> 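The structure under discussion is supplied below as structure tokens; questions concerning it will follow.
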Amino acid sequence: MLAAIVVVVAACLAGIGCVVAQMRCADAAREAARLAGRGDSAGAASAVGSIAPAGAVLSVQMSGDLVTATVTIPKVSTVLPGVSIRASATAHREDGTGG
């Protein structure tokens, strides 16, 4: 009985960790999109490094006047090995940053 309770508690804590990681990825993607829209690619990468969880990967795509930043964490935890987290945000390019 105790082993089952430990497994359930571990799964719940891993789930909470996934929610927190998702929120941090969304914040990092939003900041990266904003900075990339201003033409600051290095700042976008730095923001993801400081906001997102360890191991996060940034991908930036530019299409017309829009910049989309996607932050992905391939492996969230060892308790949930098949779970990956991804968040995207889009921002407009500011004047002088392309077109």
Side-chain angles (χ1 to χ4, degrees):
M1 178 76 166
L2 183 60
I5 292 173
V6 169
V7 169
V8 169
V9 169
C12 289
L13 291 176
I16 291 170
C18 287
V19 170
V20 170
Q22 177 67 40
M23 291 172 29
R24 289 178 64 191
C25 283
D27 290 343
R30 185 173 37 255
E31 186 67 14
R34 185 184 68 79
L35 289 168
R38 295 177 135 186
D40 187 5
S41 298
S46 176
V48 169
S50 63
I51 297 171
V57 177
L58 171 65
S59 170
V60 177
Q61 294 181 340
M62 298 188 184
S63 175
D65 290 340
L66 298 177
V67 176
T68 301
T70 302
V71 177
T72 306
I73 305 172
K75 183 179 177 184
V76 179
S77 74
T78 56
V79 176
L80 301 172
V83 176
S84 65
I85 302 289
R86 178 178 20 194
S88 295
T90 302
H92 283 278
R93 286 193 202 187
E94 293 187 11
D95 292 333
T97 60

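These figures come from a predicted structure and were not determined experimentally.
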> With side-chain hydrogen bond (donor to acceptor under 3.5 Å, both in side chains) as the rule and sequence neighbours excluded, what pairs involving residues 42-62 come up?
none
> So do the side chains of His92 and Leu66 get within less than 4.5 Å of each other, counting heavy atoms only?
yes
> Of the non-hydrogen atoms in Thr70 and Ser88, which two are nearest, and what is the gap between them?
OG1-OG, 2.9 Å
> I'd like to know if the side chain of Arg86 reaches the main chain of Thr72, judged simply by a donor and an acceptor atom lying under 3.5 Å from each other, with no hydrogens or angles considered.
no
> Do Ile73 and Cys25 have side chains that get closer than 4.5 Å, going by heavy atoms?
yes
> Which distance, rounded to the nearest 0.5 Å, do you find between the CZ of Arg38 and the CZ of Arg93?
15.5 Å
> Transitively linked via ILVMFWY side-chain contacts under 4.5 Å: Met62 with Leu58?
yes
> Is it the case that one hydrophobic cluster holds both Val60 and Val48, taking links as side-chain heavy atoms less than 4.5 Å apart, direct or via other members?
yes
> At their closest point, which heavy atom of Ala36 faces which heavy atom of Ala44, and how far apart are they?
N-CB, 4.3 Å
> Looking at every non-hydrogen atom in both residues, tell me the closest pair between Ala56 and Val71 and how far apart they are.
CB-CG1, 3.9 Å
> Does the distance from a Lys or Arg side-chain N to an Asp or Glu carboxylate O, for Arg30 and Asp27, drop under 4.0 Å?
yes
> Please give me the minimum heavy-atom distance between Ala33 and Ala91, naming the atom from each residue.
O-CB, 3.6 Å
> Membership question, hydrophobic clusters at under 4.5 Å side-chain separation (ILVMFWY): are Val8 and Ile16 in the same one?
no
> Can you give me the closest heavy-atom contact between Ala69 and Ala32, atom names plus distance?
CB-CB, 3.9 Å
> Which heavy atom in Val83 sits nearest to a heavy atom in Cys18, and how many Å separate them?
CG1-SG, 4.0 Å
